[in-house]
Peer 1: 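Quick one: the structure is below, and I'll ask about it shortly.
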Number of protein chains: 2
Amino acid sequence: MNKTGQISTSELAKRGGVNLETIRYYERTGLLAKPPRSAAGYRQFSPESVRRVRFIKRAQELGFSLKEIKELLALRIAPGSTRADVRKRAEAKIADIEGKIEHLRAMKKTLVRLSETCCGSGPASDCPILESLSLDEKEK
Amino acid sequence: MNKTGQISTSELAKRGGVNLETIRYYERTGLLAKPPRSAAGYRQFSPESVRRVRFIKRAQELGFSLKEIKELLALRIAPGSTRADVRKRAEAKIADIEGKIEHLRAMKKTLVRLSETCCGSGPASDCPILESLSLDEKEK
DNA sequence: CTTGACTGTGTACCTAAGTACAGGGTGTAG
DNA sequence: CTACACCCTGTACTTAGGTACACAGTCAAG
């Protein structure tokens, strides 16, 4: 880190919890904007980049592809788009997220039932509750 | 499908919403148990396999890897494990799921704010709310 | 009894998302 | 001024999760 608060590639990687090469990969693929460079050509990231990297990793854990994450992030800076357009796209993403939350809730419910009803000791293989795990709460 | 209700590989693929080859891939990697075969060597899946395949796909959309999904499904049939053990592992998965739900809620909240506050017309690029999208609700 | 739609195995190929160098410049502490 | 820890670019390799054949057997309809 230098006096102006800018951070290096490895610093960003460390604070973002990712590999050094991943940062360069994200820049190449446009997930991270090309940062300004020092006289020697060193990348100078803003501290806010750390949040961006973490956001990317978290969204990934939630099942979004890098392409989808790029779309999410693009909502912020869409240059030629109107607010109404941003709104429409945001609402699509919201619906998407709500669907994920619903599915997770269904999975959780099944597991809670599994864990609560099926407690005690003895072999687990003959527990009838276990059978329900792969059940679709809602056929879709 | 034959008279005993067993279904073919392609039938399972179609109903599960995946590629034919994916079914064989899942069998190879142990996500799907090796089904009994007809005299000619054709796979005969039970209709319940459809639910299993769908469960796998859905869990994947929610950010679980096939390896993790295998663990989830293994809770059902863990042969040498006690119920207390199954319970412990189920609870770990539940915590995992709760974390995902929390993160999704935070993402949704940001997007809802984005969509609600930033409505109207005009270019979207100078909207201050958009800046908050990559914000961590909780630094972790 | 052949033809066309399936099924099987095996192997090769593909995309997404990294990860790992090699080969070379930079910068600062001793 | 030289070590040593960084940084750069470019290219190649890897892993997960499929997909796509080629080549061969099966089976129901005409």
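Order of the sequence lines sets the chain letters (A, B, ...), proteins ahead of strands, with each chain counted from 1.
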Peer 1: Out of curiosity, does A:Leu104 fall in the hydrophobic cluster containing A:Ile94 (side-chain heavy atoms, cut-off under 4.5 Å, transitive links)?
Peer 2: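 Yes, one cluster joins them.
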Peer 1: Would you mind telling me which of C:dG18, D:dT19, C:dT19 lies closest to the side-chain atoms of A:Asn19?
Peer 2: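 Closest nucleotide to the A:Asn19 side chain: C:dT19.
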Peer 1: Tell me which nucleotide among C:dG18, D:dG17, D:dC8 gets nearest to the side chain of A:Tyr25.
Peer 2: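 Between C:dG18, D:dG17, D:dC8, the one nearest the side chain of A:Tyr25 would be C:dG18.
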Peer 1: Taking only the side-chain heavy atoms of B:Tyr26 (C-beta and beyond), determine which of C:dT19, C:dT7, D:dG18 contains the nearest atom.
Peer 2: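 Of C:dT19, C:dT7, D:dG18, D:dG18 is nearest to the side chain of B:Tyr26.
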Peer 1: Dump the pairs, protein N or O against N or O of nucleotides 2-4 of chain D, anything under 3.5 Å, distances to one decimal.
Peer 2:
none

Peer 1: Would a single hydrophobic cluster contain both A:Ile56 and A:Leu20, if residues Ile, Leu, Val, Met, Phe, Trp and Tyr are joined by side-chain heavy-atom contacts under 4.5 Å?
Peer 2: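 Per the 4.5 Å side-chain linkage, A:Leu20 and A:Ile56 are not co-clustered.
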Peer 1: From CZ of B:Arg43 over to C1' of C:dC6, roughly how many Å is that when rounded to an integer?
Peer 2: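 Distance, rounded to whole Å: 13 Å.
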Peer 1: In terms of side-chain heavy atoms, does B:Gln44 have a donor or acceptor partner in B:Ser38 at a distance below 3.5 Å?
Peer 2: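 Note: B:Gln44 and B:Ser38 side chains miss the donor-acceptor criterion.
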Peer 1: Taking only the side-chain heavy atoms of B:Tyr42 (C-beta and beyond), determine which of C:dG8, D:dT19, D:dC8 contains the nearest atom.
Peer 2: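 Looking only at heavy atoms from C-beta outward on B:Tyr42, the closest nucleotide is C:dG8.
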Peer 1: When you get a sec, tell me which of C:dT9, D:dC8, C:dG18 is the closest nucleotide to the side chain of B:Arg24?
Peer 2: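 Nearest to the side chain of B:Arg24 among the choices is C:dT9.
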Peer 1: Calculate the interatomic distance between B:Ile69 atom CD1 and D:dG18 atom P; express it in whole Å.
Peer 2: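 Atom CD1 in B:Ile69 sits about 8 Å away from atom P in D:dG18.
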Peer 1: Give the rounded distance in Å between these two atoms: CD of A:Gln60 and C1' of C:dA16.
Peer 2: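 So the two atoms are 10 Å apart, to the nearest Å.
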Peer 1: With the threshold set at 4.0 Å, does a side-chain nitrogen-carboxylate oxygen contact exist between B:Arg89 and B:Asp85?
Peer 2: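 Yes, this pair counts.
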Peer 1: Which of these nucleotides, C:dT7, D:dC21, D:dC27, is closest to any side-chain atom of B:Ala40?
Peer 2: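 From the listed options, D:dC27 comes nearest.
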Peer 1: C:dG8 P sits how many Å from B:Glu27 CD, rounded?
Peer 2: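 Going from CD in B:Glu27 over to P in C:dG8 covers 9 Å.
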Peer 1: Is B:Arg15 salt-bridged to B:Glu11, going by a charged N under 4.0 Å from an acidic O?
Peer 2: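 A salt bridge is present here (some side-chain N lies under 4.0 Å from a carboxylate O).
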Peer 1: Between D:dT26 atom C1' and B:Arg37 atom CZ, what is the distance in whole Å?
Peer 2: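 Checked: the CZ to C1' distance equals 14 Å.
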Peer 1: Can you tell me how far C1' of D:dT9 sits from CG of A:Leu20, to the nearest Å?
Peer 2: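 One finds 13 Å between C1' of D:dT9 and CG of A:Leu20, rounded.
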Peer 1: Hey, does the side chain of B:Arg54 reach the backbone of B:Gly17 with a donor-acceptor pair shorter than 3.5 angstrom?
Peer 2: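 A pair under 3.5 Å: no.
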Peer 1: For the salt bridge (Lys or Arg N to Asp or Glu O under 4.0 Å) test, which of A:Arg105, A:Lys109, A:Lys108 pairs with B:Glu98?
Peer 2: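 So the option named by the test is A:Lys108.
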Peer 1: What is the bend of the helix from C:dC1-D:dG30 to C:dG30-D:dC1 when you compare the axis at one end with the axis at the other, using five pairs each and rounding to 10°?
Peer 2: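 Inter-axis angle at the ends, rounded: 0°.
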Peer 1: Regarding A:Ser38, tell me which of base, sugar-phosphate or nothing describes its non-hydrogen contacts under 4.0 Å with the strands shown.
Peer 2: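 Result for A:Ser38 = nothing.
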Peer 1: Going by an N to O cut-off under 4.0 Å, is there a salt bridge joining B:Glu61 and B:Lys57?
Peer 2: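 Result for this pair is no, no salt bridge flagged.
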Peer 1: What is the distance, rounded to the nearest whole Å, between atom CD of B:Glu21 and atom C1' of C:dC14?
Peer 2: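 Spelled out: CD on B:Glu21 to C1' on C:dC14 is 13 Å.
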Peer 1: Using the side-chain heavy atoms of A:Arg28, tell me which of these nucleotides is nearest: D:dC6, C:dT19, C:dT7.
Peer 2: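 Closest nucleotide to the A:Arg28 side chain: C:dT19.
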Peer 1: Would you say B:Tyr42 ends up clustered with B:Ile23 if hydrophobic residues are merged whenever their side chains have heavy atoms under 4.5 Å apart, either directly or through other cluster members?
Peer 2: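 No, separate clusters.
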Peer 1: Rounded to whole Å, please give me the gap between NZ in A:Lys14 and C1' in D:dC6.
Peer 2: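 Interatomic distance, NZ of A:Lys14 to C1' of D:dC6: 11 Å.
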Peer 1: Could A:Lys93 and A:Phe64 be counted as a cation-pi pair, given that NZ or CZ must be under 6.0 Å from the ring centre and within 45° of the axis?
Peer 2: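 Verdict for A:Phe64: no cation-pi partner in A:Lys93.
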Peer 1: Indicate, with a heavy-atom threshold strictly under 4.0 Å, whether A:Thr29 touches base, sugar-phosphate, or nothing.
Peer 2: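 Answer is nothing: A:Thr29 stays at 4.0 Å or more from every strand.
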